[in-house]
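Just below is one structure, and these are the notes that go with it.
This one's a predicted model, so the numbers in the text were calculated from it and none came from an experiment. A, B, ... follow the sequence lines: proteins, then strands. Residue 1 opens every chain.
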Number of protein chains: 2
Amino acid sequence: MLDHCSKPARMTGMAPRTRQSERRRQVLTRERIIETAVELLDAEGEDALTVRALTSRLATGSGAIYWHIGNMSELLEAATDAVVATALDAHPAETAGTPRDDIRAVALGLFDAVTAHPWLAAQLATQFTRNPWGPVTLRIFERIGRPVRALGVPRADWFTTASTLVHYLLGATTQTRQSDDTAPASAADRAAFLDTASSAWQELDPDDYPFIRAIAEQMRDHDDREQFLTGIDLVLTGITTLHPAPAAEPGERLPGPE
Amino acid sequence: MLDHCSKPARMTGMAPRTRQSERRRQVLTRERIIETAVELLDAEGEDALTVRALTSRLATGSGAIYWHIGNMSELLEAATDAVVATALDAHPAETAGTPRDDIRAVALGLFDAVTAHPWLAAQLATQFTRNPWGPVTLRIFERIGRPVRALGVPRADWFTTASTLVHYLLGATTQTRQSDDTAPASAADRAAFLDTASSAWQELDPDDYPFIRAIAEQMRDHDDREQFLTGIDLVLTGITTLHPAPAAEPGERLPGPE
DNA sequence: TCCATGAATGGAACGGTACTCCATGTTGGA
DNA sequence: TCCAACATGGAGTACCGTTCCATTCATGGA
């Protein structure tokens with residue numbers, strides 16, 4: 001069975017466009033569709049991304065869209081990947097900081113992207129479960145893996161250690177609360193939401209939910225971003241405790257690049 | 001605005017059924033609908049859960065269904081909650097083990113549930129992002145919180161510490177790979193999948209993905225469940241390092257219950 | 001005993017979705 | 001100049017969640 005694209009849809013990520021320059025102003029490209037999809041998602045939320053909305057914005061028909069993108073899931077994956085790539089590139093590769101700083105930078109980049117694009121959290125979660133080793137995961141994994149290596153983790157533990165970090169990262173970013181699918185979530189909204197939730201928690205059954213009741217107060221005035229970083233530090237502490245920094249390993253190269 | 005149920009749909013979780021015994025054999029109840037939904041999801045996958053499929057299995061009409069459940073999302077949330085509740089109850093509350101063992105038990109309970117119900121991973125992820133403090137999250141949080149407390153973590157850090165664990169937990173369980181939406185994912189399938197992925201990784205661009213290429217081999221023969229536990233241990237190590245077990249704190253009660 | 005009431009039901013109909021199919025337009029190379 | 005392949009726009013299909021409503025049925029009051 002050939003599971004390669006039997007349809008002329010472009011291979012994901014590759015641009016087969018040899019050199020046919022522009023055959024016309026305003027050609028419909030895969031890139032332009034993805035770009036429009038992101039705009040639509042940002043402006044009007046997840047439910048607004050429909051084929052009809054795209055045809056309208058791009059002044060074309062559904063056939064033209066499908067000639068470029070295969071199906072809706074693929075478009076969503078591409079949009080997610082594009083936004084994640086931008087977020088990760090915001091903090092370049094190795095910016096002279098310590099590995100810890102580097103990991104924190106990646107984490108905050110993702111966190112801020114989720115905040116800036118309310119639809120991203122749900123999409124990250126979906127991509128991650130539906131296609132655990134798709135381009136999005138791979139990108140994040142690679143970006144997290146390098147500082148993990150630089151941290152001095154022994155080679156045999158690279159995969160497991162990086163996985164743990166990525167799992168925490170995605171778990172934490174995908175829970176980051178957006179007041180609504182469209183709307184930048186004002187501080188007031190957030191405070192009101194936390195207040196309501198906290199109060200509701202304090203009225204839970206003490207037998208069923210003693211712990212939740214006990215932390216209701218802490219939850220009311222916690223800061224998502226701060227807590228996110230604390231979690232990262234906790235995981236990093238676990239890593240450096242299990243794998244103390246090698247002062248100078250005899251057989252192994254130093255933790256620098258390569 | 002009254003956002004209470006203006007429709008006669010039952011309050012979530014509550015059973016208002018006073019004592020009208022059975023008015024007929026085979027009444028249609030919210031519970032029976034949820035149960036059927038889980039069966040449908042288990043047997044035929046996520047896409048098979050449609051109102052029409054439900055009406056067919058339950059030999060009824062869509063109106064009857066909607067009289068009980070409000071809408072499709074609510075049904076999915078209820079189904080998820082039901083399965084998670086069962087999974088968490090499998091390993092009872094405090095079974096005399098150490099807090100670490102208790103946390104591991106909860107984690108494995110979730111892990112196994114995701115394996116047994118291929119649709120669960122995606123639903124957990126969705127519930128978690130769409131409704132971060134819904135019943136599902138609350139349940140897991142409570143169940144994780146108690147051993148965290150027993151671990152000797154200072155009260156001020158309960159919320160943050162439990163959050164970190166839950167975030168890792170959900171990140172890890174939601175990535176757990178299912179070969180397909182329906183099918184228990186045989187060991188052979190899994191091996192083949194890992195093999196394919198590992199090979200694909202080794203052919204990535206060395207400039208773009210050096211780390212991924214370096215761990216491709218480890219990924220080929222890793223064990224999801226084992227790695228999952230290793231991650232838990234890593235986080236637990238972070239917790240106990242940051243909060244060393246209190247031999248005997250003066251002002252604070254001992255870490256036992258309450 | 002009978003009936004009026006309202007909870008509960010089954011199904012037709014509505015508006016929307018992703019996606020397919022195809023007749024047509026456009027373009028670069030021979 | 002012509003043609004084959006690329007590219008397009010829109011009509012049509014099948015299915016979805018949800019609403020609406022006429023009908024059934026158990027039950028409490030007369």
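Distance CG (Leu75(A)) to P (dA18(C)): 10 Å, rounded to an integer number of Å. Atom pair Trp67(B):CH2 and dA22(D):P shows a separation of 19 Å (rounding to whole Å applied). Rounded to whole angstrom, the span from the CD1 atom of Ile65(A) across to the C1' atom of dA7(D) amounts to 13 Å. For the pair Ile69(B) CD1 and dT19(D) P, the computed distance is 11 Å after rounding to whole Å. Distance Arg32(A) CZ to dA7(D) C1': 14 Å, rounded to the nearest Å. Rounded to whole angstrom, the span from the CG atom of Leu28(A) across to the P atom of dC6(D) amounts to 16 Å.
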Find every protein N or O atom lying less than 3.5 Å from an N or O atom of nucleotides 16-18 of chain D, and list the pairs.
{"residue": "dG17(D)", "atom": "OP2", "partner": "Val51(B)", "partner atom": "N", "Å": "3.0"}
{"residue": "dG17(D)", "atom": "N7", "partner": "Arg52(B)", "partner atom": "NH1", "Å": "3.0"}
{"residue": "dG17(D)", "atom": "O6", "partner": "Arg52(B)", "partner atom": "NH2", "Å": "3.2"}
{"residue": "dT18(D)", "atom": "OP2", "partner": "Tyr66(B)", "partner atom": "OH", "Å": "2.7"}
{"residue": "dT18(D)", "atom": "OP2", "partner": "Met72(B)", "partner atom": "N", "Å": "2.9"}
{"residue": "dT18(D)", "atom": "O5'", "partner": "Tyr66(B)", "partner atom": "OH", "Å": "3.4"}

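Partners of Tyr209(B) by ring-ring contact (aromatic ring centres under 6.0 Å, His included), not counting sequence neighbours: none found. Taking Arg220(A) as the reference, Asp195(A), Ser198(A), Ser199(A), Glu217(A) meet the side-chain hydrogen bond (donor to acceptor under 3.5 Å, both in side chains) condition, with sequence neighbours excluded. For Arg225(A), the side-chain hydrogen bond (donor to acceptor under 3.5 Å, both in side chains) partners at least two apart in sequence or on another chain are Asp112(A). A search for side-chain hydrogen bond (donor to acceptor under 3.5 Å, both in side chains) contacts involving Gln218(B) returns nothing, not counting sequence neighbours.
When the side-chain nitrogen and oxygen atoms of His68(B) are compared with OP1 and OP2 of dA7(C), none of them lie within a distance under 4.0 Å.
Below 30°, between 30° and 60°, or above 60°: for Tyr168(A) and Phe228(A) the angle between ring planes is below 30°, a parallel geometry.
Identified under the salt bridge (charged side-chain N to carboxylate O under 4.0 Å, His left out) test for residues 118-128 of chain A, with sequence neighbours left out: none.
Among the atoms of the strands shown, only primed sugar atoms or phosphate atoms (P, OP1, OP2) are found under 4.0 Å from some heavy atom of Ala59(A).
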